[in-house]
Amino acid sequence: PALTRVGTIEVDFEKRLVRVSNNEVHLTRIEYKLLQIMLRNPDKVLTHRQLLNMVWGPQHVDQTHYLRVYMGQLRRKLEADPARPKHIRTEPGVGYRLVTG
């Protein structure tokens, strides 16, 4: 679907537009790519390796610090309380999950 909603987050894939509570949010290319991958795999745990490979390529699958930095930025931009994320959840030692419920 062109328009996807998770809680107060709304993404229009055709326009490459992201809104939180009807306010437009600017995401970098990498942040948008991570969000897009997570939205296409709702409620599934995506491993660090999977995400790193899909966004940065196979030569970066061990660079988990990249992922931590970008997930932190995404939480600050999309979550009401980034310290207690409702949607972008960490699965300790495994990866991340986009919780839609």
Side-chain angles (χ1 to χ4, degrees):
L3 195 64
T4 303
R5 275 193 185 85
V6 174
T8 59
I9 304 163
E10 180 181 293
V11 180
D12 185 330
F13 288 113
E14 284 178 9
K15 295 180 182 167
R16 200 190 172 287
L17 197 64
V18 180
R19 287 192 180 94
V20 176
S21 302
N22 289 324
N23 296 311
E24 194 173 330
V25 176
H26 172 75
L27 297 184
T28 66
R29 186 181 62 80
I30 301 263
E31 291 165 348
Y32 184 80
K33 180 92 174 138
L34 281 167
L35 180 60
Q36 191 178 37
I37 291 166
M38 293 183 79
L39 283 168
R40 295 218 163 107
N41 295 279
D43 300 303
K44 275 196 220 156
V45 176
L46 295 167
T47 68
H48 296 120
R49 283 182 88 81
Q50 285 175 303
L51 288 165
L52 286 160
N53 187 41
M54 288 191 258
V55 176
W56 286 277
Q59 67 278 22
H60 295 283
V61 293
D62 296 319
Q63 313 282 322
T64 54
H65 62 280
Y66 284 0
L67 209 44
R68 273 197 300 279
V69 167
Y70 279 96
M71 287 302 189
Q73 288 172 197
L74 265 179
R75 284 182 177 139
R76 281 191 291 282
K77 292 179 179 185
L78 303 178
E79 296 277 4
D81 183 355
R84 286 192 223 55
K86 187 175 171 185
H87 299 294
I88 301 171
R89 300 264 180 89
T90 301
E91 296 292 329
V94 182
Y96 295 91
R97 176 195 314 260
L98 182 75
V99 178
T100 58

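Keep in mind it's a predicted model, so treat the numbers as computed, not measured.
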Interatomic distance, Lys44 atom NZ to Thr100 atom OG1 [nearest 0.5 angstrom]: 12.0 Å
Interatomic distance, Ile30 atom CD1 to Leu67 atom CG [nearest 0.5 angstrom]: 10.5 Å
Contact check, side chains of Leu34 and Leu27, non-hydrogen atoms, under 4.5 Å: no
Pair His87-Leu78, side chain to side chain contact (heavy atoms under 4.5 Å, CB included): steps then yes or no: CA-CA 9 Å; His87 299 294; Leu78 303 178; over 6 Å; no
Under the ring-ring contact (aromatic ring centres under 6.0 Å, His included) test, residues paired with His48 that sit two or more places apart: Tyr96
4.5 Å side-chain heavy-atom contact, Met71 and Met38: yes
Minimum side-chain heavy-atom gap Val99-Asp43 below 4.5 Å: yes
For Tyr70, ring-ring contact (aromatic ring centres under 6.0 Å, His included) partners two or more places apart: Trp56
Asp12 CG to Lys15 NZ distance, which is reported to the nearest 0.5 Å: 5.5 Å
Non-hydrogen side-chain atoms of Lys77 and Val20 separated by less than 4.5 Å: no
Side chains of Ile9 and Leu39 in contact at under 4.5 Å (non-hydrogen atoms): no
Ring pair (Phe, Tyr, Trp, His ring centres under 6.0 Å) contacts touching residues 15-38 (sequence neighbours left out): none
Any side-chain heavy-atom pair of Leu98 and Ile37 under 4.5 Å: no
Arg75/Asp81 salt bridge by N-O under 4.0 Å criterion: no
